[in-house]
Amino acid sequence: MPKVELSTTFAHRDVDSKWYAFWDSIGAFRADPTSGRPPFTMVLPPPNVTGRLHIGHALNQTLPDIIARWRRMKGDDVLWLPGTDHAGIATQNVVEAQLAKEGKSRHDIGREAFEARVWDWARESKGTIIGQMRTLGSSVDWSRERFTLDDDLSRAVRRVFVTLYREGLIYRGKYIVNWCPRCRTALSDLEVVHRETHGKLYHVRYPLVGREGSITVATTRPETMLGDTAVAVHADDERYRDAVGSRLRLPLLGRELPVVADDFVDPEFGTGAVKVTPAHDPNDFEMGKRHDLPQVAVIDEDGRMTEAAGPFAGLDRWKARAAVVQALEREGALEKVEDHRHAVGHCQRCRTVVEPLVSTQWFVKIAPLAEPAIDAVRDKRIRFVPEHWAKTYFEWMTNIHDWCISRQLWWGHRIPAWYCDACDRILVEEETPDRCACGGALRQETDVLDTWFSSGLWPFSTMGWPTPTADLERYYPTTLMITGLDIIFFWVARMIMLGLKFGGDVPFRTVYITSLVRDEHGQKMSKSKGNVVNPLELMDEIGADALRFALTALASPGMDIALSEGRLRGSRQFVNKIWNASRFVLMQLRDDEPRPEVPERPAELAHRWILHRISQLSAEVGDALDTFRFDVAADRLYHFFWHEYADWYIELVKPHVQAEGPARETAVAVLLEVHDRVLRLLHPIIPFVTEEVWQQLPRRPELETGRTPGGQRQTITLATFPTSVPAWLDEGAAADMAAVQAMITAIRTIRAEWGVPRSRPITVILEGASDLARSRFETARDDLTRLAGVAQLEFQDQVARDPETVVRVLGDVRLHVPLAGIVDRRAEAARIEKALAKVVKQQAADAAKLANPKFRARAAADVVAETEARVTGLAQQRQALEELLEELSR
RNA sequence: GGGCGGUUAGCUCAGUGGUAGAGCACCGGCUUUACACGCCGGCUGUCACAGGUUCGAAUCCUGUACCGCCCACCA
């Protein structure tokens with residue numbers, strides 16, 4: 001009488017949200033500083049409040065969730081802290097785009113109203129993100145959720161800013177910066193993305209003043225010539241040696257420029273002479289400083305030409321380029337134009353071509369912060385996984401420039417600096433000052449900080465820093481950071497620098513870098529390609545468990561993930577397989593039957609074998625997770641569950657479980673034990689279906705392990721993660737089982753080859769079986785009958801040859817299956833020949849090895865022994881096959 | 001220009017010195033009472049190329065080719 005009736009497909013839509021709500025309600029994911037258990041901490045890379053999560057987020061949440069659930073089940077006090085990032089420029093752009101649709105700009109509604117509007121959007125976006133995280137099953141501690149603009153996090157930002165300023169590590173100054181004319185803000189070097197562009201190299205002739213001749217310069221940006229204040233050549237360049245120190249006349253504007261010598265100039269490139277525009281090129285800016293050249297800004301913050309551009313004033317910079325080229329041509333100053341490919345900087349957020357401009361901005365001095373951050377990774381206080389990412393990190397860290405942190409935006413942390421109108425003083429304070437020491441009124445800086453400034457503090461600002469909270473004391477440094485490769489520089493590097501400086505220690509011990517999720521052909525997902533996968537839709541279709549499993553199985557370290565439909569389908573089918581195997585187990589149970597105890601050492605081979613295997617598997621899965629081999633953990637579980645537990649164990653155990661008496665009791669006990677354990681092993685990866693089933697398994701009181709706070713219902717999410725049980729390890733059972741499986745498979749293969757239906761019983765005669773083999777197959781007699789349709793099993797020392805009997809060689813046993821009226825001699829001979837060819841080839845290879853005295857002398861003893869044993873076996877097989885062939889061809 | 005990764009079955013990928021693997025796809029057969037999102041059986045490979053080390057190389061070393069990613073102030 002089945003205890004349960006359940007659908008044959010797992011109804012994730014009805015089940016998943018129910019369990020997340022349950023876990024939430026019992027506080028299963030809440031960290032407990034008073035627990036006395038070892039702490040294990042991760043902070044979630046806070047998603048931007050720009051909308052919804054994409055498939056990359058799904059991966060970056062699934063992997064840490066697996067770790068969090070696993071460590072929790074291992075008994076750690078897990079804190080996985082969630083939150084979101086205000087994402088300054090990105091979020092501001094989203095809301096500006098919304099306004100644009102209404103025909104308005106942020107200036108139309110003003111700073112205050114604009115900020116209010118962004119707050120509304122951020123709140124909505126946060127709600128969406130939280131919903132998605134719950135759907136995915138992320139086991140974060142919602143009671144500690146943070147947002148980078150929260151009051152206490154903003155206080156941390158001010159504390160860090162003020163401290164760095166007072167130590168001279170933050171400074172304000174007029175330098176050349178990357179400027180986005182569309183966003184109308186300065187950008188850091190990282191926010192500029194370089195793209196290969198087809199451009200032109202314009203050769204422009206600058207006439208010498210006071211004597212004959214000219215110097216031709218090559219430039220990709222002719223419009224900037226209007227701001228030239230010199231021409232530079234290399235000091236050793238003989239072509240221009242005489243010209244150094246003389247003056248040139250700037251075409252179009254007629255200003256005079258000096259010719260200077262500078263080692264920066266590469267005589268090999270272009271004409272070997274470079275126009276110098278200190279106001280619009282970073283190199284020229286430096287060169288200008290070396291030669292004390294004036295800066296003439298000809299492009300303004302909107303990308304238009306300034307008054308200094310003379311007749312071109314007011315033109316957009318692209319129109320100005322065309323106009324300048326035309327004018328140069330007219331004047332006869334344009335010598336030639338060549339095609340030229342080069343990298344052009346674009347704004348990361350809006351793709352506008354970045355304009356280098358001289359502007360007053362705030363900077364963080366990087367060198368003093370970078371040094372300890374490099375050391376921390378070098379001496380392994382922080383470990384990168386995969387390790388090779390450390391190289392990338394070093395590469396970047398040793399070459400970075402100071403960090404421009406001021407942004408001319410409205411959405412973000414306002415820089416805590418005040419300017420006095422009466423004197424020149426700048427006040428940098430954590431709390432808003434009343435007035436200047438001189439009595440003058442104060443104006444706060446209108447700029448906000450780069451969003452990554454606050455993100456860099458995330459591991460400790462979220463725990464209450466600078467207040468010395470209990471959480472900070474217990475959970476910092478965090479144990480592990482799992483994040484994407486795209487933000488190693490933006491975020492990881494800055495967390496390390498700022499964590500060491502302000503957190504007093506590394507922000508995390510290990511940083512695991514996840515790969516990019518791509519489409520099934522390895523293409524980057526993008527809206528324009530139309531290959532974007534929406535994780536919410538996908539989860540609705542196949543369930544969160546299936547998506548999680550697919551991502552996990554594909555998460556090979558250091559490799560991008562090609563997410564294919566086939567994999568997703570396979571993953572869904574696996575979840576369904578778990579569901580159906582669970583249904584089977586539950587259907588075997590009878591009402592009010594207590595869960596029996598697993599005997600120390602069951603007599604039945606199948607039980608001993610599966611206990612051996614689950615024990616091995618437990619160790620393997622634990623090891624895999626320990627080394628971040630998520631793919632290995634998923635693969636081992638998949639293979640075990642489907643191709644060992646379901647395909648073999650469940651099939652083998654059916655008759656026992658359906659019998660009566662002690663055999664049934666043992667079978668039910670082992671079945672439940674293994675099922676319980678494998679569900680727990682699977683739970684970190686596929687939390688929902690495992691909880692749904694686990695809740696229905698009967699439990700013995702002394703095995704109750706799913707501790708919950710306050711003694712509520714049990715939950716698998718707090719049950720113990722299985723480990724290897726040494727008493728169950730049984731290599732003998734493994735060998736016996738392998739032999740039985742090989743026999744059953746061989747017989748099934750014969751049936752398939754000759755089209756013998758299962759309905760037709762067959763006789764199997766085993767020739768030459770050793771005592772061991774004989775006892776193995778004798779014991780498995782019933783299994784052979786049930787799983788291979790063997791009606792009669794005989795053992796003989798010598799079997800008379802019969803052309804209507806199919807013979808197969810299985811190790812040292814010859815397997816005879818009489819199939820009168822079915823066997824075709826020629827087809828059979830062809831099969832034997834093929835098998836023989838294989839054996840001959842292998843035998844030859846092994847024999848060659850053994851014939852080599854160096855092999856015997858130098859190879860490991862066990863390898864030699866193994867080869868010898870194999871070659872003996874192969875010789876036997878070969879002889880047997882040759883005999884068969886001879887008989888068949890007779 | 002510099003750095004990093006990849007090249008293994010039709011596709012997507014495991015496999016770090018000892019007889020080449022998985023999933024999907026494909027072929028054949030199954031109304032076997034957990035599952036057709038299933039069961040049983042099967043086919044599939046110059047492990048990119050060229051050298052080297054080694055008794056032995058997909059695996060270690062050197063070089064080449066191709067693909068991808070990141071960084072970069074040669075106008």
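We name chains A, B, ... by the order of the sequence lines, and we start the count at 1 in each one.
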A.B. asks: With a cut-off of less than 4.0 Å, is there a side-chain N or O of Arg629(A) near OP1 or OP2 of G15(B)?
C.D. replies: yes
A.B. asks: When the P atoms of G3(B) and U62(B) are considered, how many whole Å apart are they?
C.D. replies: 14 Å
A.B. asks: Out of A75(B), G41(B), C37(B), which nucleotide sits closest to the side chain of His342(A)?
C.D. replies: A75(B)
A.B. asks: Checking Glu191(A) against Ser188(A): is there a side-chain donor and acceptor pair closer than 3.5 Å?
C.D. replies: yes
A.B. asks: Using a 4.0 Å heavy-atom cut-off, does Glu651(A) contact any base of the nucleic acid, only the sugar-phosphate backbone, or nothing at all?
C.D. replies: base
A.B. asks: Reckon Tyr638(A) touches a base, only the sugar-phosphate, or nothing at all at heavy-atom distances under 4.0 Å?
C.D. replies: sugar-phosphate
A.B. asks: Hey, which of Lys275(A), Glu355(A), His280(A) is the one that makes side chain to side chain donor-acceptor pair (under 3.5 Å) with Thr224(A)?
C.D. replies: Lys275(A)
A.B. asks: Please confirm whether the shortest side-chain N or O distance from His388(A) to OP1 or OP2 of G3(B) is below 4.0 Å.
C.D. replies: no
A.B. asks: Report which part of the nucleic acid Thr277(A) touches: base, sugar-phosphate, or nothing (heavy-atom distance under 4.0 Å, all strands).
C.D. replies: nothing
A.B. asks: Side-chain donor or acceptor of Lys577(A) under 3.5 Å from a matching atom on the base of C35(B)?
C.D. replies: yes
A.B. asks: Would you tell me if any nitrogen or oxygen in the side chain of Lys654(A) comes within less than 4.0 Å of OP1 or OP2 on U33(B)?
C.D. replies: no
A.B. asks: Ring centroids only, cut at 6.0 angstrom: are Trp389(A) and Phe384(A) within range, meaning strictly under it?
C.D. replies: no
A.B. asks: Residues two or more places apart in sequence or in another chain: which of them pass ring pair (Phe, Tyr, Trp, His ring centres under 6.0 Å) with His643(A)?
C.D. replies: His639(A)
A.B. asks: Counting the atoms with a prime plus P, OP1 and OP2 as sugar-phosphate, which does Asn852(A) contact under 4.0 Å by heavy atoms, base, sugar-phosphate, or nothing?
C.D. replies: sugar-phosphate
A.B. asks: Check whether any side-chain N or O of Thr8(A) sits under 4.0 Å from OP1 or OP2 of C37(B), and answer yes or no.
C.D. replies: no
A.B. asks: Rounding to an integer number of angstrom, what distance separates G17(B) and C60(B) when you compare their P atoms?
C.D. replies: 8 Å
A.B. asks: Please work out if Ala232(A) contacts a base, only the sugar-phosphate, or nothing of the nucleic acid, heavy-atom cut-off 4.0 Å.
C.D. replies: nothing
A.B. asks: Round to the nearest Å and state the distance from Ile488(A) atom CD1 to G3(B) atom C1'.
C.D. replies: 13 Å
A.B. asks: State whether Thr219(A) places a side-chain N or O below 4.0 Å from either non-bridging phosphate oxygen (OP1 or OP2) of A75(B).
C.D. replies: no
A.B. asks: Can you tell me, in whole Å, how much space there is between the C1' of G5(B) and that of C40(B)?
C.D. replies: 42 Å
A.B. asks: Which salt bridge (Lys or Arg N to Asp or Glu O under 4.0 Å) pairs, counting each pair once, include a residue from residues 278-290 of chain A, with sequence neighbours left out?
C.D. replies: Asp262(A)-Arg290(A)
A.B. asks: With a 4.0 Å cut-off, would you call Arg856(A) and Glu868(A) a salt bridge?
C.D. replies: yes
A.B. asks: So, do His675(A) and Tyr645(A) have ring centers that fall under 6.0 Å from each other?
C.D. replies: yes
A.B. asks: Just compare C40(B), C4(B), A72(B) and give me whichever is closest to any side-chain atom of His194(A).
C.D. replies: A72(B)
A.B. asks: Just checking Arg572(A): base, sugar-phosphate only, or nothing, at a heavy-atom cut-off of under 4.0 Å?
C.D. replies: base
A.B. asks: Whole angstroms only, please: what is the CE-P distance between Met397(A) and A72(B)?
C.D. replies: 14 Å
A.B. asks: Scan every strand shown for a Watson-Crick or G-U wobble partner of C60(B), both distances under 3.5 Å, and answer none if you come up empty.
C.D. replies: G52(B)
A.B. asks: Which sits closer to the 5' end of RNA chain B, Ile744(A) or Leu201(A), going by the nucleotide each is nearest to?
C.D. replies: Ile744(A)
A.B. asks: Say we look at A50(B) and C66(B): how far apart would their C1' atoms be, to the nearest angstrom?
C.D. replies: 15 Å
A.B. asks: Measuring centre to centre across the rings, with the benzene-like ring taken for any Trp, is Phe574(A) within less than 6.0 Å of Phe10(A)?
C.D. replies: no
A.B. asks: Taking the P atom of each, how far is U59(B) from G18(B), in whole Å?
C.D. replies: 11 Å
A.B. asks: Check the pair Val204(A) / Thr216(A) against side chain to side chain contact (heavy atoms under 4.5 Å, CB included), numbers first and verdict last.
C.D. replies: CA-CA 5 Å; Val204(A) 185; Thr216(A) 301; 5.8 Å; no
A.B. asks: What contact category does Trp642(A) fall into here, base, sugar-phosphate, or nothing, at under 4.0 angstrom with non-hydrogen atoms?
C.D. replies: sugar-phosphate
A.B. asks: Expressed as a whole number of Å, how far does the C1' atom of G45(B) sit from that of U7(B)?
C.D. replies: 15 Å
A.B. asks: Report which part of the nucleic acid Ser564(A) touches: base, sugar-phosphate, or nothing (heavy-atom distance under 4.0 Å, all strands).
C.D. replies: nothing
A.B. asks: Tell which nucleotide pairs with A36(B), taking only Watson-Crick or G-U wobble pairs whose two distances are both under 3.5 angstrom.
C.D. replies: none
A.B. asks: Return the pairing partner of C66(B) with a 3.5 Å limit on both distances, Watson-Crick or G-U wobble; otherwise return none.
C.D. replies: G6(B)
A.B. asks: So what's C26(B) paired with, Watson-Crick or G-U wobble, going by both distances under 3.5 Å?
C.D. replies: G42(B)
A.B. asks: Tell me what Lys838(A) touches on the nucleic acid: a base, only sugar-phosphate, or nothing, going by heavy atoms under 4.0 Å.
C.D. replies: nothing
A.B. asks: Say you pick atom C1' in C37(B) and the same atom in G23(B); how far apart are they, in whole Å?
C.D. replies: 15 Å
A.B. asks: Return yes if a side-chain donor-acceptor contact under 3.5 Å exists between Asp228(A) and Thr277(A), otherwise no.
C.D. replies: yes
A.B. asks: Within the structure shown, what part of the strands sits under 4.0 Å from Arg831(A) by heavy-atom distance: base, sugar-phosphate, or nothing?
C.D. replies: nothing
A.B. asks: Both Arg569(A) and Trp648(A) contact RNA chain B. Which one's nearest nucleotide lies toward the 5' end?
C.D. replies: Arg569(A)
A.B. asks: In residues 842-849 of chain A, what donor-acceptor pairs under 3.5 Å come from side-chain atoms, sequence neighbours left out?
C.D. replies:
| unit_1 | atom_1 | unit_2 | atom_2 | d |
| --- | --- | --- | --- | --- |
| Gln843(A) | OE1 | Arg878(A) | NH1 | 2.7 |
| Asp846(A) | OD1 | Arg870(A) | NH2 | 3.0 |
| Asp846(A) | OD2 | Arg870(A) | NE | 2.8 |

A.B. asks: I want to verify a distance call: between A22(B), U12(B), C37(B), whose nearest atom is closest to the Ala562(A) side chain?
C.D. replies: U12(B)
A.B. asks: Begin from the C-alpha positions of Phe641(A) and Tyr649(A) and carry the test ring pair (Phe, Tyr, Trp, His ring centres under 6.0 Å) through to its verdict.
C.D. replies: CA-CA 10 Å; Phe641(A) 195 95; Tyr649(A) 181 70; over 10 Å; no
A.B. asks: So if I take every side-chain heavy atom of Asn580(A) and compare against A14(B), A34(B), C40(B), which nucleotide ends up nearest?
C.D. replies: A34(B)
A.B. asks: Can you tell me the base-pairing partner of A75(B)? Count Watson-Crick or G-U wobble geometry only, both distances below 3.5 Å, and say none if there is no partner.
C.D. replies: none
A.B. asks: Which nucleotide, C43(B), C37(B), A75(B), lies nearest any side-chain atom of Gln573(A)?
C.D. replies: C37(B)
A.B. asks: Which part of the nucleic acid, if any, lies within reach of His234(A) when heavy atoms closer than 4.0 Å are counted: base, sugar-phosphate only, or nothing?
C.D. replies: nothing
A.B. asks: Take atom C1' in U31(B) and the same atom in C26(B), then report the distance between them in whole Å.
C.D. replies: 24 Å
A.B. asks: Restricting to ring pair (Phe, Tyr, Trp, His ring centres under 6.0 Å), what partner residues turn up for His340(A), sequence neighbours left out?
C.D. replies: Phe269(A), His342(A)
A.B. asks: Could you encode protein contacts along nucleotides 65-71 of chain B as a string, one character per nucleotide from 5' to 3', using B for base contact, S for sugar-phosphate-only contact and - for no contact, with a heavy-atom cut-off of under 4.0 Å?
C.D. replies: ----SSS
A.B. asks: Report all interatomic pairs (protein N or O, nucleotide N or O of nucleotides 18-21 of chain B) with separations under 3.5 Å.
C.D. replies:
| unit_1 | atom_1 | unit_2 | atom_2 | d |
| --- | --- | --- | --- | --- |
| U19(B) | O2 | Gln842(A) | OE1 | 3.2 |
| U19(B) | O2 | Gln842(A) | NE2 | 3.1 |

